Amino acid sequence: MVVARVSRLLSVSLAMALALFLLAGVAPLPVRAGTNYSVTVTLHDASPGLVGGDSDIRHTGAGGCALSGLPGALGCSLRDAVVFAFNKTAVDTTTITLPAGTYTLRRLGNNEDFGSDGDLDLHNTTVINGAGAGTTIVQASATGDASGAIDRVFDVGAINGGTATISGVTVRYGGNTADGIGGGIAVRTGSSLMLNGCVISNNQSSQSGGGIYNAGTLTMTNSTVADNHAGTSGDGGGISNAGGTLTVTNSTFFGNKAGSIGIGGGIFNNRPLTVTNSTFAGNSGFNGGGIYNFSSGTLTAINTLIAVNIATGGNGPDVVGAFAPASKNNLLGNGSSATGITNNTN
């Protein structure tokens with residue numbers, strides 16, 4: 001009996017020791033804190049009359065930031081800075097300061113998702129601060145329209161997602177035919193983009209989202225979306241919110257066009273959309289010249305004007321679809337194809 005008692009005591013002691021060992025073994029490893037990087041872009045040739053200068057060069061092997069990870073003797077082009085940010089880890093943040101100037105993308109390439117060619121691929125956490133949309137311009141064509149575009153301008157999260165913020169920048173003359181979505185900007189599934197004080201203008205897609213195609217989380221504040229076009233059957237001349245969440249505040253949509261048989265001149269929506277203190281005027285589409293809210297979408301509008309838009313197919317010059325119950329204090333020019341709103345106001 002004494003032997004049995006000793007055996008039980010040893011078993012308990014061994015079990016306790018094993019538990020302590022296992023607890024010690026699974027203790028969480030320390031997590032590396034993110035690093036904040038700061039890169040200032042150099043407009044390498046700002047000669048009067050020279051559009052964009054040589055702002056899209058890569059300083060590989062020549063002492064620039066793409067080689068060393070920090071601004072070198074030759075400084076950083078915009079593409080240098082984007083590639084630098086792309087090569088950091090997910091916990092790092094790269095803040096790119098973009099001085100006044102016109103930055104023209106010249107490196108040809110479609111479906112290249114590492115930033116080296118074509119559009120500028122934003123990955124990890126990237127912040128781009130321009131000097132103001134009136135003076136800092138990033139464009140994908142030097143011809144003055146999207147017909148000569150090498151690609152769209154920005155692609156957020158094409159590989160493994162991304163979190164981007166762009167402030168004080170005009171994004172223009174982008175055009176995409178490779179996958180047909182997002183003439184100016186594409187926001188991919190699982191990614192997010194914040195636009196503040198930006199202008200998205202004169203971009204063109206062969207399919208949907210002439211200005212922006214959003215499948216992630218897009219937040220737009222104090223911005224303008226103007227004169228963007230979607231392809232013949234394309235939806236969302238300004239923005240196509242086809243698979244994500246879109247929030248628009250203090251912003252203006254005008255002159256955007258869905259395709260000749262496309263819907264949603266200003267915005268095509270089939271996911272959550274919240275619009276506050278904004279204006280939609282002079283946009284056009286086959287149906288839903290201002291906003292087309294598809295049956296699977298949720299449209300919440302507050303203190304917003306939607307008027308003087310055009311539906312060439314005759315259905316909903318200003319809005320097609322249902323307003324969510326939280327909508328209030330809006331003014332519609334023509335609410336005949338909208339529900340959840342009374343007497344063109346609510």
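Each residue takes its place number in the sequence, starting with 1. Since we're looking at a predicted model, the values are computed, not measured.
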Contact summary for Ser191 and Gly157, nearest pair of heavy atoms: OG-CA, 3.2 Å
Side-chain donor or acceptor of Asp113 paired with backbone N/O of Ile159 under 3.5 Å: no
Backbone of Leu78 reached by a side-chain donor or acceptor of Asp80 within 3.5 Å: no
Backbone of Gly290 reached by a side-chain donor or acceptor of Asn283 within 3.5 Å: no
Donor-acceptor pair between Ser337 and Asn315 side chains, under 3.5 angstrom: yes
Hydrophobic cluster membership, Val169 vs Val248, 4.5 Å side-chain cutoff: yes
With sequence neighbours excluded, residues passing side chain to side chain contact (heavy atoms under 4.5 Å, CB included) with Asn293: Asn269, Leu299
Residues Leu193, Thr165; criterion side chain to side chain contact (heavy atoms under 4.5 Å, CB included); working and verdict: CA-CA 6 Å; Leu193 171 64; Thr165 300; over 6 Å; no
Asn202 versus Asp227, side-chain donor and acceptor atoms under 3.5 Å: no
Closest heavy-atom pair and its distance - Val138, Val153: CG1-CG1, 3.6 Å
Student check: side-chain heavy atoms of Lys88 and Tyr37 closer than 4.5 Å: yes
Heavy-atom side-chain proximity of Leu246 to Ile239 below 4.5 angstrom: yes
Heavy-atom donor-acceptor pair, Glu112 side chain to Gly115 backbone, under 3.5 Å: yes
Minimum heavy-atom distance between Arg152 and Gly182, given as atom pair plus value: NE-O, 3.0 Å
Salt-bridge present (Arg79, Asp56; N to O < 4.0 Å): yes
Sub-4.5 Å side-chain heavy-atom contact between Ile128 and Leu122: yes
Cluster link Val320 to Leu273, ILVMFWY, side chain under 4.5 Å: no
Derivation of the side chain to side chain contact (heavy atoms under 4.5 Å, CB included) call for Phe154 and Asp119: CA-CA 5 Å; Phe154 290 106; Asp119 55 21; over 6 Å; no
Any side-chain heavy-atom pair of Ile185 and Ile200 under 4.5 Å: yes
Rounded distance [0.5 Å steps], CG in Leu218 versus OG1 in Thr245: 10.0 Å
Same apolar cluster: Ile267 and Met220, side chain cutoff 4.5 Å: yes
Side chains of Asn176 and Asp151, donor plus acceptor under 3.5 Å: yes
Listed partners of Arg271 passing salt bridge (charged side-chain N to carboxylate O under 4.0 Å, His left out), at least two apart: none
Closest non-hydrogen atom pair, Gly180 against Ser205: O-CB, 3.7 Å
In one Ile/Leu/Val/Met/Phe/Trp/Tyr side-chain cluster, 4.5 Å: Val171, Tyr213: no
Student check: side-chain heavy atoms of Asp145 and Gln204 closer than 4.5 Å: no
Side-chain touch Thr304/Ile302, heavy atoms, less than 4.5 angstrom: no
Thr95 and Asn129, any side-chain heavy atoms less than 4.5 Å apart: yes
Distance, nearest 0.5 Å, that separates OG of Ser167 from CE of Met194: 7.5 Å
Short side-chain to backbone donor-acceptor contact, Thr170 and Ile137, under 3.5 Å: no
Donor-acceptor contact below 3.5 Å, side chain Asn203 vs main chain Asn228: no
Gap separating the OG atom of Ser116 from the CZ atom of Phe86, nearest 0.5 angstrom: 8.5 Å
N/O donor-acceptor pair under 3.5 Å between Asp92 side chain and Thr89 backbone: yes
Validation row: Leu105, Leu120 side chains within 4.5 angstrom (heavy atoms): yes
Nearest atoms (heavy-atom pairs only) where Pro272 meets Gly244: CD-O, 3.6 Å
Geometric class of the Phe280/Phe253 ring pair [parallel <30°, tilted 30-60°, perpendicular >60°]: parallel
Pairwise distance OG1(Thr298) to CZ(Phe323) - rounded to 0.5 angstrom: 13.0 Å
Pairwise salt bridge (charged side-chain N to carboxylate O under 4.0 Å, His left out) hits with a residue in residues 187-209, at least two apart: Asp155-Arg188, Asp179-Arg188
Ser223 backbone acceptor or donor facing Ser251 side chain under 3.5 Å: yes
Ser278 (side chain) donor-acceptor with Val275 (main chain) under 3.5 angstrom: no
Side-chain donor/acceptor of Thr136 to backbone N/O of Ala131, under 3.5 Å: yes
Cluster overlap Ile181 with Val156, hydrophobic side-chain contacts below 4.5 Å: no
Between Asn334 and Asp318, a side-chain donor and acceptor under 3.5 Å: no
Inter-residue atom distance Leu332.CG - Ile341.CD1, 0.5 Å rounding: 4.0 Å
Gap between atom OH of Tyr292 and atom CZ of Phe268 - 0.5 Å precision: 7.5 Å
